[in-house]
Amino acid sequence: MAFPYAAALQQPFILRDGREAKVDFWFEERRLVGEFDGKGKYLRADWDKGKTIQDRVVADKAREDEIRAHGVGFVRWTWADMMSRERFVRLLVQAGLPQ
């Protein structure tokens with residue numbers, strides 16, 4: 001199973017306050033953002049200048065909302081999703097990427 005759409009990496013989006021947020025994957029033809037995050041982004045004590053888990057989650061949700069405000073779809077996946085080809089393909093199809 002191959003997808004006919006290639007993703008651009010580190011596509012920038014401008015947030016409301018003028019900051020730039022780069023997304024992991026951008027499927028321009030489908031107007032779909034893909035983010036690949038591990039647990040470390042939220043759980044590692046030495047990540048993000050010592051912010052609490054709650055602060056990290058709230059900030060990430062606000063960032064996602066601002067990116068969605070550009071009229072784009074959003075899909076996230078983890079290592080566990082990628083370890084199963086069937087599961088990963090299903091996730092991408094459900095997000096709007098045709099096979």
Side-chain angles (χ1 to χ4, degrees):
M1 289 181 231
F3 288 96
Y5 298 101
L9 304 178
Q10 298 300 303
Q11 174 69 30
F13 285 83
I14 303 302
L15 304 180
R16 292 178 195 125
D17 65 3
R19 288 179 300 130
E20 182 180 88
K22 292 184 180 178
V23 299
D24 295 334
F25 300 91
W26 170 237
F27 300 92
E28 183 175 9
E29 299 88 353
R30 304 305 290 184
R31 297 197 48 79
L32 180 68
V33 167
E35 291 277 272
F36 171 50
D37 296 320
K39 291 179 182 178
K41 179 177 181 178
Y42 303 104
L43 302 180
R44 281 182 39 189
D46 62 342
W47 193 277
D48 203 12
K49 301 174 186 160
K51 290 182 183 173
T52 66
I53 292 170
Q54 293 88 342
D55 288 343
R56 290 181 226 177
V57 170
V58 169
D60 203 41
K61 178 61 177 146
R63 174 185 173 272
E64 180 179 329
D65 288 345
E66 289 193 45
I67 293 168
R68 285 180 185 272
H70 287 267
V72 303
F74 215 96
V75 61
R76 292 180 178 272
W77 59 85
T78 64
W79 277 111
D81 296 319
M82 290 184 64
M83 297 315 297
S84 165
R85 181 175 177 84
E86 181 179 302
R87 178 174 164 176
F88 188 52
V89 167
R90 186 171 45 248
L91 183 144
L92 294 176
V93 168
Q94 287 174 342
L97 287 181
Q99 289 185 344

Nearest 0.5 angstrom please: L92 CG to F25 CZ, how far?
9.5 Å
Hits for side-chain contact (heavy atoms from CB on, under 4.5 Å) against A80, two or more places apart or cross-chain, chain-then-number order -> T78, R87
Any non-hydrogen side-chain atom of P98 less than 4.5 Å from a side-chain atom of R30?
yes
Sequence neighbours left out, what passes salt bridge (charged side-chain N to carboxylate O under 4.0 Å, His left out) with E64? Give chain and number order.
R68, R76
R19: partners by side-chain hydrogen bond (donor to acceptor under 3.5 Å, both in side chains), with sequence neighbours left out
D17
With sequence neighbours left out, the residues meeting side-chain contact (heavy atoms from CB on, under 4.5 Å) with Q10 are K22, D24
Say whether, by atom type as modelled, one donor and one acceptor occur between the side chain of H70 and the main chain of R31 under 3.5 angstrom.
no
Heavy-atom nearest pair, A7 first then F27, reads CB-CE2, 3.5 Å
With rounding to the nearest 0.5 Å, note down the distance linking CD in E20 to CD in Q11.
9.0 Å
Linked hydrophobic residues, F13 as query - side chain contacts closer than 4.5 Å:
L15, V23, W26, V33, I67, V72, F74
Do you know the tightest heavy-atom contact between L32 and A95?
CD1-O, 3.8 Å
Mind checking whether V58 and I53 sit in one hydrophobic cluster, side chains of I, L, V, M, F, W, Y counted as touching below 4.5 Å?
no
Going by the rule salt bridge (charged side-chain N to carboxylate O under 4.0 Å, His left out), which residues pair with D65 if we only count those two or more places apart in sequence or in a different chain?
K61
Is there a path of hydrophobic side-chain contacts, each under 4.5 Å between heavy atoms, that joins L9 and M82?
yes
Please confirm whether the backbone N or O of E66 pairs with a side-chain atom of R16, one donor and one acceptor, at under 3.5 Å?
no
Hey, what's the ring geometry for W77 with F88, parallel, tilted or perpendicular (30° and 60° as the breaks)?
perpendicular
